[in-house]
Amino acid sequence: MKTIPSFEIDHEILEKGIYISRIDDDITTYDIRMKEPNSGDYLTNSALHTIEHIFATYVRNTEFGDNIIYFGPAGSRTGFYLLTRSLTDNYSIQLIKDAFQHIAEFWGRIPGASSKECGNCLEHNLPQAKEEAKKFLDVIKDWTKEDLEYPKAEEQ
């Protein structure tokens with residue numbers, strides 16, 4: 001079988017940040033990499049789950065919420081994928097920063113986390129989610145469109 005593009009990224013040199021994973025017509029997939037791959041430091045399931053709920057709710061309630069196609073975790077527990085339609089990279093970067101700021105400052109009931117709304121309502125951790133959001137904000141505070149390209153191995 002053909003290797004899918006996300007497996008062709010050199011995970012040995014990938015750093016924390018925001019990257020364009022792929023562009024399909026008017027849909028852009030952003031790789032929101034909160035942890036360095038294979039470092040032994042991963043998002044806990046409960047923090048990952050809580051970030052997913054708060055981030056997705058936040059971005060879908062913005063002015064261009066209808067342009068949000070999907071937000072969900074990477075199986076490696078190193079971050080998330082955000083799929084947008086017809087949004088600029090600059091807007092998307094700012095939206096990601098704003099969403100993580102919202103998570104870092106969030107207090108209250110986690111959106112969609114009741115047993116009626118969520119398939120694993122017992123696995124949430126707001127304090128961990130807030131801490132992870134704060135750490136990631138330090139990484140992306142100066143992130144710009146020029147930073148969206150995956151790092152490349154240096155030529156030998």
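Basis for what follows: all heavy atoms, side chains included, without hydrogens, waters or symmetry-related copies.
The minimum heavy-atom distance linking P111 with F106 is given by the pair CD-CZ, 4.0 Å. Scanning all heavy atoms of the two residues, the minimum distance from Y150 to I20 falls at CE1-O, 3.4 Å. The shortest non-hydrogen separation linking A113 to R109 is N-NH2, 4.3 Å.
Here the straight-line distance linking atom CG of N120 with atom OG of S46 works out to 9.5 Å at 0.5 Å rounding. With values rounded to the nearest 0.5 angstrom, L126 atom CG is found 12.5 Å from H53 atom NE2. Here CD1 of I51 is found 11.5 Å from NE2 of H124. Values are rounded to the nearest 0.5 Å. Atom CG of D41 is separated from atom CD of E36 by 9.0 Å, given to the nearest 0.5 angstrom. Note: I93 CD1 to E146 CD = 8.0 Å, rounded to the nearest 0.5 Å. Atoms CE and OH, on M34 and Y42 in that order, are 15.0 Å from each other to the nearest 0.5 Å.
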Check the pair D31, Y81 against side-chain contact (heavy atoms from CB on, under 4.5 Å), reporting the backbone distance first and the verdict last.
CA-CA 5 Å; D31 178 344; Y81 293 101; 3.9 Å; yes

For side-chain contact (heavy atoms from CB on, under 4.5 Å), just list the numbers for I54 and H102, CA-CA rounded to whole Å, side-chain angles, deciding distance to a tenth of an Å, and then say yes or no.
CA-CA 8 Å; I54 300 171; H102 176 73; 3.6 Å; yes

The test is side-chain contact (heavy atoms from CB on, under 4.5 Å); show your working for W143 and Y19 and say whether it passes.
CA-CA 10 Å; W143 213 262; Y19 304 99; 4.0 Å; yes

Determine, stepwise, if the pair S76 / K35 fulfils side-chain contact (heavy atoms from CB on, under 4.5 Å).
CA-CA 10 Å; S76 61; K35 302 287 185 174; over 6 Å; no

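Enclosure of atom NZ in K145 is not indicated, since only 12 or fewer non-hydrogen atoms of other residues, nucleotides or ligands lie within 6.0 angstrom. Enclosure of atom CG in D66 is not indicated, since only 12 or fewer non-hydrogen atoms of other residues, nucleotides or ligands lie within 6.0 angstrom. Shown here is E105, whose CD atom has more than 12 heavy atoms of other residues, nucleotides or ligands within 6.0 Å. More than 12 heavy atoms of other residues, nucleotides or ligands sit less than 6.0 Å from atom CD of E8. No more than 12 heavy atoms of other residues, nucleotides or ligands sit less than 6.0 Å from atom CG of D25.
Between F80 and Y30, the ring center distance fails the sub-6.0 Å criterion. The aromatic ring centres of F64 and Y91 sit less than 6.0 Å apart.
Note on ring orientation: taking the six-membered ring where Trp is involved, the planes of F71 and F55 are parallel (angle under 30°, cut-offs 30° and 60°).
W107 is connected to I103 through a chain of hydrophobic side-chain contacts under 4.5 Å among Ile, Leu, Val, Met, Phe, Trp and Tyr, so both are in one cluster. With hydrophobic clusters built from ILVMFWY side chains whose heavy atoms lie under 4.5 angstrom apart, I69 does not share a cluster with I23.
Applying side chain to side chain contact (heavy atoms under 4.5 Å, CB included) to L83 and the options I27, I68, N67 leaves one that passes, I27.
Of the N and O atoms on the side chains of T29 and R22, not one donor lies less than 3.5 Å from an acceptor on the other residue. Counted by atom type alone, S92 and D89 present zero donor-acceptor pairs between their side chains at under 3.5 Å.
Listed by chain and number, the residues in a side chain to side chain contact (heavy atoms under 4.5 Å, CB included) with C121 are S115, C118 (sequence neighbours excluded).
With hydrogens and angles disregarded, a donor-acceptor distance shorter than 3.5 Å links the side chain of K97 to the backbone of K141. Remark: side-chain polar atoms of T62 are paired, donor with acceptor, to backbone N or O of V59 under 3.5 angstrom. For R77 (side chain) and L43 (main-chain N/O), a donor-acceptor pair under 3.5 Å exists by modelled atom type. Checked by atom type and distance alone, the side chain of N125 never pairs as donor or acceptor with a backbone atom of A47 at under 3.5 Å. At distances below 3.5 Å, not a single donor-acceptor pair connects side-chain atoms of K16 with backbone N or O atoms of F136.
The side-chain heavy atoms of D98 and Q101, taken from C-beta on, include no pair separated by under 4.5 Å.
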